[in-house]
Asker: 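Have a look at this one before I ask anything.
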Amino acid sequence: MTISAAILSLTLHWFQDAATPVDPSAAAPSGNSALLEMVHNSGPVALGVLILLLLCSIFSWSIMLSKWSSFGKAETQGKRFLRAFRKSGRLSEIATVSDQFKPSPLVAVFNEIHDEYQRQTGGRGLPRNPIALDRAAQTASSEALTVMESRMTWLATIAAIAPFIGLLGTVMGIIDAFHGLGTSGAATLRAVAPGISEALITTAAGLVVAIPAVVGYNQLTARLRDFGARMDDFGRELLNAIENAAMITPAAPQEEIRRQPEEPRRRDY
């Protein structure tokens with residue numbers, strides 16, 4: 001409502017200002033210099049809003065760049081780990097070299113299923129409780145996704161509130177411009193337009209911060225869904241490989257399984 005009233009007032013004052021002669025010797029500043037001049041002439045509220053938006057922009061870009069880097073490494077190592085897994089014929093061989101392929105989330109799924117399988121069978125034979133293996137895979141996948149989703153809520157929050165922060169600066173700037181117009185008594189377009197244009201800078205800055213954050217959040221969320229689907233597929237592939245290998249491998253004696261020490265669960269990624 002405040003912006004609509006400002007536009008209506010500007011329209012009314014334009015007809016009054018149109019009759020005022022314009023000094024041809026007054027050269028209009030260029031685009032960049034005019035923008036810098038408006039930022040320099042902004043009030044304390046507008047400057048505070050611009051500084052807050054600058055901090056939000058730096059934080060959102062740091063999140064996006066770090067996520068893109070870590071997701072790229074995880075994807076590359078995941079492809080290498082998958083090739084090594086499909087090329088190898090024994091789980092014990094993959095278990096010894098799996099740490100080389102971190103930070104791939106597939107390593108966490110493999111370690112969790114392999115540890116559970118070792119606890120159940122000692123590394124040979126059909127698993128006594130396949131449902132426990134499936135639950136172990138789901139747990140590892142969920143924990144890996146939780147780690148990868150860290151700070152994504154901050155990115156979504158910045159994308160959502162940045163336009164409103166900029167709009168707040170614009171509203172405060174328009175209020176200040178009309179207050180100055182009322183106190184000076186100069187009800188012309190030339191008197192009120194600079195204040196309105198300076199106030200609109202914060203809205204433009206809010207959109208500049210929000211648009212990349214929205215694009216980055218959507219792209220990173222899509223990649224997270226892709227990682228989740230790949231971990232689910234790999235968990236099923238690993239369970240099938242264990243069952244197929246157990247069909248041709250004799251089960252370990254129960255006495256041997258009981259003698260094996262209990263391995264601690266791995267939760268580091």
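Since the model is a prediction, treat every value here as computed from it, not as a measurement.
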Asker: With the side chain counted from C-beta on, respond yes when Val49 and Ile165 share a heavy-atom pair under 4.5 Å apart, and no when they do not.
Answerer: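 Counting from C-beta outward, Val49 and Ile165 do come under 4.5 Å.
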Asker: Would a 4.5 Å heavy-atom cut-off, applied to side chains only, mark Arg151 and Ser66 as touching?
Answerer: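 Heavy-atom side-chain distance check passes, below 4.5 Å.
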Asker: Would you check, one step at a time, whether the test side-chain contact (heavy atoms from CB on, under 4.5 Å) holds for Leu145 with Met231?
Answerer: CA-CA 9 Å; Leu145 277 180; Met231 283 189 283; 3.5 Å; yes
Asker: Got a donor-acceptor contact below 3.5 angstrom from the Thr96 side chain to the Glu93 backbone?
Answerer: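 Flag set: sc Thr96 to bb Glu93 pair under 3.5 Å.
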Asker: Could you measure the distance from the CZ atom of Phe85 to the CZ atom of Phe234? Nearest 0.5 Å is fine.
Answerer: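 That separation rounds to 4.5 Å.
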Asker: Heavy atoms only: give me the nearest Ile242-Pro127 pair and the separation to one decimal.
Answerer: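 Result for this residue pair: CG2-CD, 4.3 Å.
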Asker: Determine, stepwise, if the pair Asp226 / Arg230 fulfils salt bridge (Lys or Arg N to Asp or Glu O under 4.0 Å).
Answerer: CA-CA 6 Å; Asp226 184 59; Arg230 289 185 185 183; 3.0 Å; yes
Asker: Test side-chain contact (heavy atoms from CB on, under 4.5 Å) on Val45 and Asp176 and set out the steps.
Answerer: CA-CA 10 Å; Val45 176; Asp176 185 64; over 6 Å; no
Asker: Would you say Glu75 and Arg223 make side-chain contact, with heavy atoms under 4.5 Å?
Answerer: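 They are in side-chain contact.
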Asker: Of all heavy-atom pairs between Ser141 and Asp232, which one has the smallest distance, and what is that distance?
Answerer: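 Closest approach of Ser141 to Asp232, heavy atoms only: OG-OD1, 3.8 Å.
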Asker: Parallel, tilted or perpendicular: which one describes the rings of Phe59 and Trp154, with boundaries at 30° and 60°?
Answerer: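 Perpendicular.
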Asker: How far apart are the C-alpha atoms of Leu91 and Leu238, what are their side-chain angles, what is the distance that settles it, and do they pass the side-chain contact (heavy atoms from CB on, under 4.5 Å) test?
Answerer: CA-CA 9 Å; Leu91 294 180; Leu238 178 56; 3.7 Å; yes
Asker: Do Ser150 and Lys67 touch side chain to side chain, with heavy atoms closer than 4.5 Å?
Answerer: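 Result yes, sub-4.5 Å side-chain heavy-atom pair found.
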Asker: What's the spacing between Leu224 CG and Phe71 CZ if we round to 0.5 Å?
Answerer: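 Those atoms lie 4.0 Å apart.
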Asker: Are Pro130 and Leu239 packed together at the side-chain level, in the sense that at least one heavy-atom pair is separated by less than 4.5 angstrom?
Answerer: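 No, too far: nothing below the 4.5 Å cut-off.
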Asker: Under 4.0 Å between a Lys/Arg side-chain N and an Asp/Glu carboxylate O for Arg135 and Glu116?
Answerer: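 Salt bridge: no.
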Asker: Are Ile58 and Leu65 connected in a single hydrophobic cluster, I mean Ile/Leu/Val/Met/Phe/Trp/Tyr linked by side-chain heavy atoms less than 4.5 Å apart?
Answerer: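 In one cluster with Leu65: Ile58, no.
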Asker: Group every Ile, Leu, Val, Met, Phe, Trp and Tyr by side-chain heavy-atom contacts under 4.5 Å, then state whether Met148 and Trp68 land in the same group.
Answerer: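 They do share one cluster, since a chain of ILVMFWY contacts under 4.5 Å joins Met148 to Trp68.
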Asker: Check whether Val97 and Phe110 end up in the same hydrophobic cluster, where Ile, Leu, Val, Met, Phe, Trp and Tyr are linked by side-chain heavy atoms less than 4.5 Å apart.
Answerer: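 Yes, one cluster joins them.
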Asker: Are Val214 and Asn218 packed together at the side-chain level, in the sense that at least one heavy-atom pair is separated by less than 4.5 angstrom?
Answerer: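 Yes - at least one pair of side-chain heavy atoms lies under 4.5 Å apart.
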Asker: Where is the tightest heavy-atom contact between Leu106 and Gly78, given as atom of each residue plus distance?
Answerer: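 Distance-wise, the nearest heavy atoms are CD1-O, 3.8 Å.
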Asker: Does any N or O in the side chain of Ser88 come within less than 3.5 Å of the main-chain N or O of Ala84, such that one atom is a donor and the other an acceptor?
Answerer: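 It does not hold such a pair.
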Asker: Using atom types as modelled and distance alone, determine if a side-chain donor or acceptor of Thr121 lies under 3.5 Å from a backbone N or O of Leu126.
Answerer: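 No: the side chain of Thr121 does not pair with the backbone of Leu126.
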Asker: Would a hydrophobic clustering, with Ile, Leu, Val, Met, Phe, Trp and Tyr connected at side-chain separations under 4.5 Å, put Phe164 with Leu200?
Answerer: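 Hydrophobic grouping puts Phe164 apart from Leu200.
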Asker: So which heavy atom on Ala199 is nearest to which on Ile174, and how close?
Answerer: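 That would be CB-N, 3.7 Å.
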Asker: Dump the intermediate steps for side-chain contact (heavy atoms from CB on, under 4.5 Å) on Gln219 and Met64, then the final yes or no.
Answerer: CA-CA 10 Å; Gln219 292 297 319; Met64 288 187 289; over 6 Å; no
Asker: Between Asp99 and Asn111, which heavy-atom pair has the shortest distance, and what is it?
Answerer: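 In terms of heavy atoms, the two residues are closest at OD1-ND2, 4.2 Å.
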